[in-house]
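Everything on this sheet refers to the single structure shown next.
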Amino acid sequence: MFDLILAGGGLANGLIAHRLSERRPDLDVLVVESAAELGGNHTWSFHDGDLSPVEHGWIEPFVAHRWPGYDVRFPRRARGVETGYASVSSERFASVLRERLTERLKLGAPVRALTASSVTLENGEVLRSRAVIDGRGQRRSAHLSLGFQKFLGQEWETAVPHGVTRPVVMDATVPQAGGYRFVYVLPFSPTRLLIEDTYYADDAALDRETLRAEIAAYAKRQGWQLARLTREEDGVLPIALGGDMERLIEEAAGVPTVGLARALFHPTTGYSLPDAVHVADLVSSAPDLSAEALSRLLAQHARNLWSDRAYFRLLNRLLFGAGEPAERYRILEHFYRLPDPLVARFYAARLEFSDKLRIFVGKPPVSVRGALRILAAPSRLRDTA
């Protein structure tokens, strides 16, 4: 009988396991993951303002790269944002957790079914615990209305130094097709780059061959001499448009749930690492780790965030529904006229009331008619805060 089983070895559960091992090493915790390695094949990024000083301290071993600022580019605006930016690679993530958790890992163990106190593996083995936290990733739900941020990224070694010194978080000067499109670039060394072709789109389909061709064309326009492909990743991140959090909680049938399945991600950007860090601290400081107590704690945390972030879902509905797909970039272009501290609060999902007003000041980046249509809340986008 374990004190806690974490079903799924992705970002959310991996960070919970790490934080518990630091703060409560006496607990008998087990991480069960279907794959042969933790963390999958991902690059998670975050801004300095997303985390508290304490959170920065304990997440530091996972950080593979840091930069003092980043750039954005749009057809009529280009600027630097002087806010620190950092990335966690899945390779670093897995390495840190393997060293920390050792025998607390059960890899290559697909889950057939689970309850709030047991996990049944595909081989028939039943693992029992005082509580189980389900962190197995995003699942489709009738209670969430989503758009999609889909991408394909390639990590390249270049034949000569590429000249990029800090991240380009959005380069929307590229042709707009299939939704809001931008290229995301992370310089890992003078001759190593991650290049991602990204779309805010209405559907989740990925045309990988087209995206690979687009990356090659972009690199050629930048003058980069791509020499060796070292890694490729792709993904489809949820962008929250609306939904009913109470129904989503009921769907879990009392099983404590974290991560994308509980909408614990930034509604507009899809960034999930800050929420995962916050939840790891929340769970590791909980006085009662029983299934019932954890279910209540995590459900209330999700309710609070869902209510607090209603404004972001409104922005998303404007982004996806108020204009033509090829014009969606104008909303982000308009947003990036704002000062660095406000931009940082936006990414941290901690906007002040005056920030919310200021975002809408100026010439509307979408048609007034389109905006009014979205504000009228069509049934498919209804949002219960």
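The pair Asp281-Arg23 counts as a salt bridge, with a side-chain nitrogen and a carboxylate oxygen less than 4.0 angstrom apart. Using a 4.0 Å cut-off between charged side-chain N and carboxylate O, Glu82 and Arg166 make a salt bridge. By the 4.0 Å N-to-carboxylate-O rule, Arg262 lies too far from Asp275 to be salt-bridged with it. Glu352 has no carboxylate O lying under 4.0 Å from a charged side-chain N of Arg358, or vice versa, which leaves the two without a salt bridge. Asp288 has no carboxylate O lying under 4.0 Å from a charged side-chain N of Arg296, or vice versa, which leaves the two without a salt bridge. In this structure, Arg221 does not pair ionically with Asp171, as no charged nitrogen and carboxylate oxygen lie closer than 4.0 Å. In summary, Glu232 and Arg208 do not engage in a salt bridge, as defined by a charged side-chain N under 4.0 Å from a carboxylate O. Under a 4.0 Å N-O distance rule, the pair Arg181/Glu214 qualifies as a salt bridge.
No side-chain donor-acceptor contact under 3.5 Å links His42 and Glu233. Between Ser87 and Ser45, the side chains place a donor N or O and an acceptor N or O closer than 3.5 Å (distance only, hydrogens not considered). In the model, Arg73 has no side-chain atom that pairs as donor or acceptor with a side-chain atom of Tyr336 under 3.5 Å. Side-chain contact check for Thr43 and Arg231: at least one donor-acceptor pair (N or O, by modelled atom type) lies under 3.5 Å.
Thr83 places none of its side-chain heavy atoms less than 4.5 Å from the side chain of Val343. Taking 4.5 Å as the limit, some side-chain heavy atom of Val63 sits within range of a side-chain heavy atom of Glu60. The shortest distance between side-chain heavy atoms of Leu351 and Leu342 falls below 4.5 Å. Here the side chains of Lys106 and Leu127 are in contact, with some heavy-atom distance below 4.5 Å. The shortest distance between side-chain heavy atoms of Leu144 and Glu251 does not fall below 4.5 Å. Side-chain contact between Leu27 and Leu4: absent, with no pair of heavy atoms (C-beta onward) separated by less than 4.5 Å. Side-chain contact between Leu226 and Ile195 is present, with at least one heavy-atom pair separated by less than 4.5 Å. Counting only heavy atoms from C-beta outward, the side chains of Leu97 and His18 approach each other to under 4.5 Å.
Between Tyr218 and Trp224, the angle of the ring planes goes over 60°, which puts this pair in the perpendicular group of the 30/60° scheme. The aromatic rings of Phe346 and Phe335 lie tilted to each other, with the angle between the two planes from 30° to 60°. Ring-plane geometry between Tyr70 and Tyr85 is classed as tilted, the angle between the planes lying from 30 to 60 degrees on a 0 to 90 degree scale. Between Phe360 and Tyr311, the two ring planes are perpendicular [angle over 60°; tilted spans 30° to 60°]. Taking the six-membered ring where tryptophan is involved, the planes of Tyr200 and Phe320 are tilted, since the angle between them lies from 30° to 60°. Classified by interplanar angle (parallel below 30°, tilted 30° to 60°, perpendicular above 60°), the ring pair Phe46/His56 is tilted.
Here CD1 of Ile5 is found 9.0 Å from CG of Asp28. Values are rounded to the nearest 0.5 Å. Atom CD1 of Ile239 is separated from atom CG of Leu315 by 12.0 Å, given to the nearest 0.5 angstrom. One finds the CZ atom of Phe74 at 11.0 Å from the CD1 atom of Ile331 (value rounded to the nearest 0.5 Å). The CG atom of Leu11 sits 5.0 Å away from the CH2 atom of Trp44 when rounded to the nearest 0.5 Å. Rounded to the nearest 0.5 Å, atoms OG1 (Thr158) and CZ (Arg228) are 11.0 Å apart.
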Steps toward side-chain contact (heavy atoms from CB on, under 4.5 Å) verdict (Phe188, Thr230): CA-CA 12 Å; Phe188 293 148; Thr230 61; over 6 Å; no
Test side-chain contact (heavy atoms from CB on, under 4.5 Å) applied to Thr257 and Leu298, step by step: CA-CA 7 Å; Thr257 305; Leu298 292 170; over 6 Å; no
Salt bridge (Lys or Arg N to Asp or Glu O under 4.0 Å) between Arg350 and Asp308, worked out: CA-CA 9 Å; Arg350 289 194 292 267; Asp308 289 346; over 6 Å; no
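Taking each heavy atom of Phe312 and Ala349 in turn, the nearest pair found is CZ-CA, 3.6 Å. Between Val132 and Ser117, the closest heavy-atom pair is CG2-C, 3.8 Å. Nearest approach of Gln149 to Thr269, heavy atoms of both residues: NE2-O, 2.7 Å. Closest heavy-atom contact between Ala64 and Ser89: CB-OG, 4.0 Å.
Leu241 and Phe265 are assigned to two separate hydrophobic clusters, defined by single-linkage of ILVMFWY side chains at heavy-atom distances under 4.5 Å.
Of the residues listed (Asp197, Leu152, Leu211), the one engaging Asp234 in a side chain to side chain contact (heavy atoms under 4.5 Å, CB included) is Leu152, and it is the only one.
Listed for the Arg112 side chain is a donor-acceptor partner under 3.5 Å among the backbone atoms of Glu122. His162 places a side-chain N or O within 3.5 Å of a backbone atom of Ser189 that can act as its donor or acceptor partner.
Aromatic pair Phe93/Phe62: ring centres closer than 6.0 Å.
Relative to the ring axis of Trp306, Arg313 places its NZ or CZ within 45° and under 6.0 Å from the centre.
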